[in-house]
Amino acid sequence: QVQLVESGGGLVMAGGSLRLSCAASGHTPSNYALAWFRQAPGKEREFVASVSWSGGATVYSDPVKGRFIISRDNAKNTVYLEMNSVKPEDTAVYYCAAKRGATATGWVLKYDYWGQGTQVTVSS
């Protein structure tokens, strides 16, 4: 089993920045891609960003492209999401996810493990 624990959420003003972290532990696969998803109240969970095992390939959803940056540190089994120029519509619970296999993807069904989520609230 793999455990994912997110941290770094909170309240931020529009236009500001926030950095989320997610630490993986347990029986992690030999190589695995990581991603961030989010879910706002009354909405479905949506893809935000994904990073490959090597960190060399990333995928972003259109709403966050150019504002958010996903990265990982395999020595620490940690993935980060740097959120810049945040908007009120970025308000959501942010979830970290891991999938077996090295390839980054935005397809939610590919992900095998999920964290409990961290709340991000952007005030206008």
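For the numbers below, each heavy atom of this structure counts, side chains included, while hydrogens, waters and symmetry mates do not.
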Student: Within this structure, what is the CD-OG distance for the pair E6 and S21, rounded to the nearest 0.5 Å?
Tutor: 10.5 Å
Student: Is it true that V12 and V64 fall in one hydrophobic cluster, defined by side-chain heavy atoms closer than 4.5 Å?
Tutor: yes
Student: Apply side-chain contact (heavy atoms from CB on, under 4.5 Å) to L81 and V48, showing your working.
Tutor: CA-CA 9 Å; L81 184 69; V48 175; 4.2 Å; yes
Student: With a 3.5 Å distance limit and no angle check, can you tell me whether D112 reaches the backbone of K99 through a side-chain donor-acceptor pair?
Tutor: no
Student: According to a hydrophobic-cluster definition based on side-chain heavy atoms being under 4.5 Å apart (Ile, Leu, Val, Met, Phe, Trp, Tyr only), do Y95 and Y60 belong together?
Tutor: no
Student: Rounded to the nearest 0.5 Å, what's the gap from CZ on R72 to OG1 on T78? Could you check?
Tutor: 9.5 Å
Student: Between S50 and Y111, do the side chains contain an N or O donor and an N or O acceptor separated by less than 3.5 Å?
Tutor: yes
Student: Hey, does I69 have a side-chain heavy atom less than 4.5 Å from the side chain of M83?
Tutor: no
Student: Quick check on the hydrophobic clustering: are V59 and L109 connected, directly or via other members, by side-chain heavy-atom contacts under 4.5 Å?
Tutor: yes
Student: Please name the pair of heavy atoms, one in A57 and one in A104, separated by the smallest distance, quoted to 0.1 Å.
Tutor: O-CB, 4.1 Å
Student: Please, which pairs that meet disulfide (SG to SG under 2.5 Å) have at least one residue in residues 22-124, sequence neighbours excluded?
Tutor: C22-C96
Student: Given side chain to side chain donor-acceptor pair (under 3.5 Å), test Y113 with R100 step by step and report yes or no.
Tutor: CA-CA 9 Å; Y113 308 101; R100 291 183 290 266; 3.0 Å; yes
Student: With a 3.5 Å cut-off and no angle check, do the side chains of N84 and S17 form a donor-acceptor pair?
Tutor: yes
Student: Report yes or no: is the cationic atom of R19 (NZ for Lys, CZ for Arg) under 6.0 Å from the centre of the six-membered ring of Y80, at an angle within 45° of the ring normal?
Tutor: yes
Student: Is the backbone N or O of T91 less than 3.5 Å from a side-chain atom of K87, with the two atoms forming a donor-acceptor pair by type?
Tutor: no
Student: Give me the atom names and distance for the closest heavy-atom approach of G9 to V120.
Tutor: CA-CG2, 4.2 Å
Student: Please step through side-chain contact (heavy atoms from CB on, under 4.5 Å) for the pair K65 and R67, ending with a clear verdict.
Tutor: CA-CA 6 Å; K65 198 173 295 182; R67 298 189 298 122; over 6 Å; no
Student: Take atom CD in Q39; do more than 12 heavy atoms of anything else shown fall under 6.0 Å from it?
Tutor: yes
Student: Kindly compute the distance separating CZ (F68) from OG1 (T58), expressed to the nearest 0.5 Å.
Tutor: 14.0 Å
Student: Is the F37 ring parallel, tilted or perpendicular to the F47 ring (thresholds 30°, 60°)?
Tutor: perpendicular
Student: Should V93 and W114 be regarded as members of a common hydrophobic cluster, given that ILVMFWY residues are connected when their side-chain heavy atoms come within less than 4.5 Å of each other, either directly or indirectly?
Tutor: yes
Student: Restricting to non-hydrogen atoms, name the atom on T28 and the atom on V2 that form the minimum distance, rounded to 0.1 Å.
Tutor: CA-CG2, 3.8 Å
Student: Using the six-membered ring wherever Trp is involved, compare the ring planes of Y32 and W53 and label them parallel, tilted or perpendicular (cut-offs 30° and 60°).
Tutor: tilted
Student: Provide the closest heavy-atom pair for A33 versus T103 in the form atom of the first, atom of the second, distance.
Tutor: CB-O, 3.3 Å
Student: Distance check, rounded to the nearest 0.5 Å: R45 atom CZ versus R38 atom CZ?
Tutor: 13.0 Å
Student: When rounded to the nearest 0.5 angstrom, what is the spacing between CG in D90 and OG1 in T121?
Tutor: 11.0 Å
Student: Determine whether L20 and T118 satisfy the following criterion, side-chain contact (heavy atoms from CB on, under 4.5 Å), listing intermediate values before the conclusion.
Tutor: CA-CA 8 Å; L20 306 183; T118 185; 4.1 Å; yes
Student: To the nearest 0.5 Å, what is the distance between CG (L4) and OG (S25)?
Tutor: 7.5 Å
